[in-house]
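Notes follow once the structure below has been shown.
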Amino acid sequence: MLIMEPLKPTNSMAAATASQIVMLHKAIGAHLKAVCFPTSVFLTNKRGYPTLAKSHQVLFTEALKRIGRTVRILIEGAPKHNITAGDGMGSTKCLPYLQYIRHIRQRPECVAALDTEEANLESGYLDSLQRPLQPLKDHLEFSMYETFEKDPVKYAKYQEACHMALLDGMSSMKPDAASPKMITIAVAGAGRGPLVMRAIKAFKSLNADPAAVVLRVFAVEKNPSAVVYLQSMAQHNDDWKGIVTVVHTDARKLTLRQLGGRKIDIVVSELLGSFGDNELSPECLDPLLASECCKPSTISIPMQYSTFVAPVSSVRLHTDARQQAQVPHEGAQTLGLQRAMETSYVVRTHAASQTHPEQVCWNFQHPAKETSMERAVSLDFAPDATFAAAAGSGYGALDPAIASIVSQIPAGSGGAVTLHGLLGSFTAVLYASKDRYCELSIAPHRFSEKMFSWFPIYFPFREPLHVPSGCNVGVKMWRKTADGRVWYEWCAKVHKHGETLAVTPIHNPKGRSSDVSL
């Protein structure tokens, strides 16, 4: 519980407010459940009603924005304000204090964080650990497709990228009076067709002359139930008729014969996971782009994606990861503690605090410039007096207001923190050329606002890692592949001036606890 205390005179109120924001940020990672306001902390406004000092207003507003859906607010102590009898004080005489708290809750910044449609949609996912999808092993259910298709940003970005690619492609075409040029798009992993629809919309927005250029789209999908839906769309949707051909196959096994001998100009896919490559986008796209179905000039949307990682403090996530040990594994025995703590989880972080700015791990490009799918990285996170408070829980865009406030903290005044794992995210460049650029991202420093198709991925530490003040955190991560499997390994250490103070073991060595099947 966080108890608001009366302000003490200080030479720098800005520095004091900054320190309080950082304290709140760390407290949320320690699973803050309640904020208590003693009545003595309230000031009096011109009308005689209770109010809070500006710094307390800032602190409480930030608490509401971060954990307002789960935190409890307590008013404690005897009333210090004498309100006239007609205004009502409640049986405890503390009603005016509660009314003021409710007034702050209705501020636009709180409403924007807590009461939007996006906030309502994600409320059921807060701090709920989910194992990443196995898209090559399992078929998605329709309910999962429906959830993805509600994203207002992702498909608009894909349409924008398709539009850019088509513009550049058509500008390089040589006119042919004898017959129209044909642009061939393949949607790899078409699902129920949202990318097919967006590709068609992008083409129609060009207002191209049908006598000069025509579009052909191949919807490639391996899920039998989704294929039936796609075939129905191709037969009955007026926008799809004569344009879309459904191909029931794994995109890695697509043949030129299935395309009617037409080579692909643009490959569009939404195979990205929360860590960029964790749903095996490289393993799916690289064989397709290197096959007979594609040209040397074939464009991939996305063109490249980079993964990021940052330390995270979250008692809640760590506790929930340990509780996964009791969950049945594939319908048989329970998962067990080792597997539970060596498995990565997709999670909408809430009661969590990213403690350092995220750093890039690795990237993949399409078409590929290197043959190996394996990656390794060694990162070092320097002490940060602000504890990356502007990054909040690690999900969402950096908060510029908080960044400005905590910048007042003197360097070297950070204090200690306890880490419970790592948070992974990604940034994807959907399309880029000399004059055009389109990306989407869940990394806080470039977050795509209002997009909710992906949550961060959590890599737990087996045991919490204590980081004393002024210490660096070293992180190593590996992406490995063998025997039809892909997995991640990770570890961390705390060091200062060349001396190692604490280390974690390497988690998930040889993919013994978790992997993704090819």
Side-chain angles (χ1 to χ4, degrees), residues 149 154-222 226-227 229-249 251 254-271 284-285 288-289 291-303 366-367 430-433 435-438 440:
E149 290 167 11
K154 177 174 70 172
Y155 294 111
K157 287 286 188 180
Y158 267 97
Q159 181 174 331
E160 181 183 351
C162 288
H163 180 84
M164 292 177 177
L166 289 167
L167 277 176
D168 287 342
M170 289 173 60
S171 65
S172 62
M173 284 183 175
K174 295 180 180 180
D176 187 345
S179 61
K181 294 288 187 181
M182 179 174 288
I183 295 178
T184 303
I185 296 178
V187 178
R192 302 199 313 172
L195 287 184
V196 174
M197 184 66 75
R198 292 294 183 159
I200 295 172
K201 286 183 177 180
F203 179 77
K204 288 187 174 182
S205 68
L206 300 174
N207 295 318
D209 182 358
V213 60
V214 295
L215 176 68
R216 188 72 183 273
V217 179
F218 290 89
V220 184
E221 177 56 54
K222 67 179 181 64
V227 166
Y229 187 92
L230 290 170
Q231 289 172 338
S232 176
M233 290 287 288
Q235 291 175 13
H236 303 293
N237 189 299
D238 291 337
D239 290 329
W240 289 37
K241 289 179 181 178
I243 294 176
V244 179
T245 300
V246 180
V247 182
H248 184 190
T249 189
L254 186 66
T255 65
L256 194 60
R257 182 172 175 271
Q258 290 172 306
L259 299 175
R262 298 182 180 88
K263 293 204 172 189
I264 302 168
D265 296 298
I266 303 172
V267 173
V268 186
S269 66
E270 53 176 328
L271 304 173
C284 293
L285 291 179
L288 173 58
L289 291 165
S291 73
E292 62 177 357
C293 300
C294 294
K295 312 170 185 177
S297 60
T298 297
I299 295 167
S300 171
I301 298 176
M303 284 186 157
H366 302 299
L430 297 181
Y431 184 77
S433 64
D435 302 315
R436 313 182 205 281
Y437 186 84
C438 180
L440 51 78

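- Every residue meeting the side-chain contact (heavy atoms from CB on, under 4.5 Å) condition with I243, not counting sequence neighbours, appears here in chain and number order: I200, L215, V217.
- With a 4.5 Å cut-off on side-chain heavy atoms, Y229 and M233 count as touching.
- Going from atom CG of L206 over to atom CD1 of I183 covers 7.5 Å, rounded to the nearest 0.5 Å.
- Remark: the backbone N or O of S269 is paired with a side-chain donor or acceptor of Y158 at under 3.5 angstrom.
- With hydrogens and angles disregarded, no donor-acceptor distance shorter than 3.5 Å links the side chain of E221 to the backbone of V227.
- The side-chain heavy atoms of W240 and M197, taken from C-beta on, include a pair separated by under 4.5 Å.
- Applying the salt bridge (charged side-chain N to carboxylate O under 4.0 Å, His left out) criterion to K204, with sequence neighbours excluded, gives D239.
- For residues 182-200, the pairs satisfying salt bridge (charged side-chain N to carboxylate O under 4.0 Å, His left out) are E146-R192, E149-R192, with sequence neighbours left out.
- P180 and V213 make their closest contact through CB-N, 3.9 Å (heavy atoms, listed as atom of the first residue, atom of the second, distance).
- At least one side-chain heavy atom of L430 sits under 4.5 Å from a side-chain heavy atom of K157.
- For the atom pair CD1 (I301) and CD (Q159), the distance works out to 11.5 Å, reported to the nearest 0.5 Å.
- For the atom pair L166 CG and I299 CD1, the distance stands at 8.5 Å (nearest 0.5 Å).
- D265 places no side-chain N or O within donor-acceptor distance of the main-chain N or O of I185, the cut-off being under 3.5 Å.
- If you take CZ on R257 and CD on E292, they are separated by 11.5 Å, rounding to the nearest 0.5 Å.
- Every residue two or more places apart in sequence or in another chain was checked for a salt bridge (charged side-chain N to carboxylate O under 4.0 Å, His left out) with K263, and none qualifies.
- Between L271 and L285, some side-chain heavy-atom pair lies under the 4.5 Å cut-off.
- Looking at residues two or more places apart in sequence or on another chain, you find a salt bridge (charged side-chain N to carboxylate O under 4.0 Å, His left out) between D238 and K241.
- Separating the CD1 atom in I266 from the SG atom in C162 is a distance of 6.5 Å, to the nearest 0.5 Å.
- Nearest heavy-atom pair across M164 and C438 is SD-CB, 3.9 Å.
- Partners of H366 according to the ring pair (Phe, Tyr, Trp, His ring centres under 6.0 Å) rule, which considers only residues two or more places apart in sequence or in another chain, are Y305.
- Of all the heavy atoms in I264 and A186, the pair that sits closest is CD1-CB, 3.5 Å.
- Atoms NE2 and CD, from H248 and Q231 in turn, are 8.5 Å apart once rounded to the nearest 0.5 Å.
- Smallest separation of non-hydrogen atoms from A234 and V246: CB-CG2, 4.2 Å.
- Residues T298 and P367 approach most closely at O-CG, 4.1 Å, considering heavy atoms.
- At least one side-chain heavy atom of Y155 sits under 4.5 Å from a side-chain heavy atom of E270.
- Between C293 and T255, the shortest heavy-atom contact is SG-C, 3.4 Å.
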